[in-house]
Amino acid sequence: MDKLRESALSPSILPLKLENVSFAVNGHTIIDRISFELDAGLRTIIIGPNGAGKSVLMRLCHGLLQPTSGTIRWNVETSLARPRQAMVLQRPVMLRRSALANIEYALALHGIKGAEGRERALEALEMVGLRDLASRPARVMSGGEQQRVALARAWALRPQVLFLDEPTASLDPTASAEVERIVQAIHDAGTKIVMTTHNLGQARRLGDEVLFILGGRLVERASVDRFFKQPATAEAAAFLKGELPWT
Amino acid sequence: MNEISLAFSQAAALIAQFDPTLLEIVLLSLRVSLSAVAIAALIGLPLGAAIAVARFPGRNAIIVILNALMGLPPVVAGLLIYLLLSRAGPLGELGLLFTPTAMIIAQAFLITPIIAALARQAIEDAWLEYRDQLRSLGASTLSAAFTLLWDTRFSLLTAVLAGFGRAAAEVGAVMIVGGNIAGVTRVMTTAIALETSKGDLPLALGLGMILMTLVLTLNAAVYLTKEAAQRRYG
Ligand SMILES: Nc1ncnc2c1ncn2[C@@H]1O[C@H](COP(=O)(O)OP(=O)(O)O)[C@@H](O)[C@H]1O
Ligand SMILES: [Mg+2]
């Protein structure tokens, strides 16, 4: 049995629990005592103006940054949780090789190599509608195509949790719609989606619940319906009206 | 005017006839510089990679020194290796002075910093760009290092070719430690210097033409490799 199938059958790495997590650089606090718990199933949207700390928070959750204080715990040991989560960075980095090889590379790191790796990589490219471009060098692809390769690369790993950092930030409407379709498909397949965006329409379309971040603090957590209809805090209301000076 | 055009045609004739003296000098040049570049790459590439990804006290100082050494004058490199290999020097026992081996050592010493500094820059840039992505995909530090080396392979090739170009064109280091002994340590650059001062223009010109061709070809190769890589891999 390969490692990924093993992981699919193994216990859930969720919930993810953050307790009083802070992150500071040179004494400058970027994330300020945030606590929350993320459960399986719901699509969680992290929302907030530019510079609020959304990307940093997500990197902390994914383990790319270590909190200055506080704890971040998965339901299983961190070393076991690591390979069962994936992240699409705000600016995904493509290796200097074909789209297919980029995905095979990620699979190989998870112990899936050879014919099986190739098959699964092709399947992932199929899912994002790029099978025909499998042999194209990833770095010469368009921004939208690279984003889809990044999604395929993450999806090929069959993560239990997928973090997406502004996956449509620099894409045109057509490419954005395609990315949203893929994210929806990954959700439908049972992967927990955690996504940042500052696109309110996208948050509504793709989200079940919202974490509203402002100035490194978690200001409000609510269902999407509730958040957009009746924000509980004045800050969230101001943000929704586009009144926050930093947006 | 007449004299110069005569020298040019004689030089061309030397090349066309594969003149044995000329051939011997060219081959020794290639042997010395290619050996030096092989040694320098073997030391410089891993050194550059290590400095690129490791964080240790004094790292910045080492980078500054390395970059400064890129501009090390060949005569100074030659002088230092001369002191090392001269009869009174620490390695004097080996009797290497005025041999091709001494010239290889001097050129390797001259170009190792060039290869290391260029490799360091390329790998560090890639490391900054790739680090989070590779860690997110689950790469260990070791496999990340190999990925970086592979993904920067064209920049590294460029670094090695730059080192070779510098070695092939320098005269100071090989002159000092080699002594420009005919048939033993005479290479293209030292031969050009000597023959010009003796007034034997055809041989000097012939060697100069070959050296120019070599350097031009090398630079074209570097340029085309980078272009092709950029087009092919982005
Ligand atoms: N590695 C870092 N070092 C210093 N400051 C950082 C670093 N990463 C992010 N920041 C700062 O932290 C704040 C939050 O950044 P980020 O999480 O990227 O915001 P966003 O909500 O737009 O994603 C910004 O002010 C940013 O400049
Ligand atoms: Mg961000």
Side-chain angles (χ1 to χ4, degrees), chain A residues 3-4 7 55-56 58-66 79-99 101-112 135-143 145-146 149-150 153-154 156-157 159 161-165, chain B residues 45 48-49 52-57 59-60 118-162 221-234:
Chain A
K3 288 188 192 162
L4 287 187
S7 105
S55 294
V56 170
M58 205 170 245
R59 283 160 180 269
L60 285 162
C61 291
H62 187 46
L64 294 177
L65 295 173
Q66 296 306 313
S79 61
L80 297 175
R82 224 36 246 284
R84 294 169 204 178
Q85 49 177 304
M87 179 161 176
V88 175
L89 297 168
Q90 191 159 351
R91 278 183 292 275
V93 178
M94 294 291 133
L95 305 181
R96 286 194 173 81
R97 51 192 90 186
S98 70
N102 262 276
I103 301 173
E104 287 178 312
Y105 174 86
L107 284 164
L109 289 175
H110 286 72
I112 301 181
S135 59
R136 183 164 301 179
R139 282 191 172 236
V140 303
M141 295 175 116
S142 74
E145 287 164 351
Q146 289 196 21
V149 174
R153 188 166 61 183
L157 305 175
V161 179
L162 176 59
F163 294 102
L164 298 146
D165 194 357
Chain B
L45 292 179
V53 297
R55 293 292 175 271
F56 51 89
R59 178 175 178 273
N60 287 335
L118 293 176
R120 200 271 313 166
Q121 189 67 58
I123 294 171
E124 189 169 335
D125 289 348
W127 177 232
L128 289 177
E129 186 191 350
Y130 284 36
R131 183 174 45 197
D132 281 353
Q133 184 70 66
L134 295 182
R135 278 173 56 205
S136 173
L137 293 175
S140 65
T141 307
L142 189 64
S143 70
F146 282 111
T147 305
L148 285 177
L149 286 176
W150 181 247
D151 263 45
T152 53
R153 60 195 180 278
F154 297 108
S155 304
L156 299 183
L157 180 65
T158 307
V160 171
L161 289 179
V222 170
Y223 179 77
L224 292 175
T225 306
K226 279 215 132 173
E227 280 290 292
Q230 187 66 33
R231 256 199 323 278
R232 180 77 182 83
Y233 299 101

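Below, chains carry the letters A, B, ... as their sequence lines are ordered, and counting in each starts from 1.
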Identify every side-chain donor-acceptor pair in residues 225-234 of chain B under 3.5 Å, counting partners at least two apart or on other chains, and give the distances.
| unit_1 | atom_1 | unit_2 | atom_2 | d |
| --- | --- | --- | --- | --- |
| T225(B) | OG1 | A221(B) | O | 2.5 |

Closest contact, heavy atoms only, [X] versus [Y]:
| X | Y | answer |
| --- | --- | --- |
| R97(A) | W150(B) | NH2-CD1, 3.5 Å |
| R82(A) | S136(B) | NH2-CA, 3.8 Å |
| L109(A) | S143(B) | CD2-OG, 3.8 Å |

Go through the atoms of [X] and report whether side chain, backbone, both or neither lie under 4.5 Å from a heavy atom of chain B.
| X | answer |
| --- | --- |
| R153(A) | side chain |
| M141(A) | neither |
| Y105(A) | side chain |

Can you tell me how far [atom2] of [Y] sits from [atom1] of [X], rounded to the nearest 0.5 angstrom?
| X | Y | atom1 | atom2 | answer |
| --- | --- | --- | --- | --- |
| R91(A) | E129(B) | CZ | CD | 10.5 Å |
| L64(A) | D132(B) | CG | CG | 5.0 Å |
| L65(A) | R135(B) | CG | CZ | 7.5 Å |

Partner set under side-chain hydrogen bond (donor to acceptor under 3.5 Å, both in side chains) for S55(A), not counting sequence neighbours: Q90(A), D165(A)

Close side-chain approach of V93(A) to L134(B), heavy-atom, < 4.5 Å: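 They are not in contact (no side-chain heavy atoms under 4.5 Å apart), so the answer is no.
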
